[in-house]
Amino acid sequence: TWALGMFGPDAKAAVPVLIVVLQNKAKLDVKGEQLMSIAVETLERIGPDAKAAVPILIELSRNFIHPASLSARIALRKIAPEAAEIIRAI
């Protein structure tokens, strides 16, 4: 996944798979949490073409105890600044 992020916007075809990784968070162990963080960072690098991931990123960003919460907030700023503003207001 990390290497995928190096492609930036050209990796937009992977967005649906990255969303599935994030949606399966309940099934993940510590290595899975690392994978989630990498998935979030990859979505951030893809940028606005990853808008389909906004709902799951919002969900993650609201869970302050989740390790990927801060990364999700950062990704939202790049993918959908309007969504990031909403989260900041909450």
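Along the sequence shown, the residues carry numbers beginning at 1.
Within the model, atoms CG of Leu60 and CE of Met36 stand 4.5 Å from one another, a figure rounded to the nearest 0.5 Å. In this structure, the separation between CG on Asn24 and CD1 on Ile19 is 12.0 Å, given to the nearest 0.5 Å. Of the inter-residue distances, the one linking Leu22 atom CG with Ser37 atom OG reads 9.0 Å to the nearest 0.5 angstrom.
Contact of the Leu18 side chain with the Val40 side chain is not registered, since no non-hydrogen atoms from C-beta on lie closer than 4.5 Å.
Evaluation of the salt bridge (Lys or Arg N to Asp or Glu O under 4.0 Å) rule for Lys51 yields Glu82 as partners, not counting sequence neighbours. With sequence neighbours excluded, the residues that form a side-chain contact (heavy atoms from CB on, under 4.5 Å) with Leu70 are Ile74. In terms of the side-chain contact (heavy atoms from CB on, under 4.5 Å) criterion, residue partners of Ser69 (sequence neighbours excluded) are, by chain and number, Phe64, Arg73.
Partner of Ile79 under the side-chain contact (heavy atoms from CB on, under 4.5 Å) criterion, out of Ile46, Val15, Leu57: Leu57 alone.
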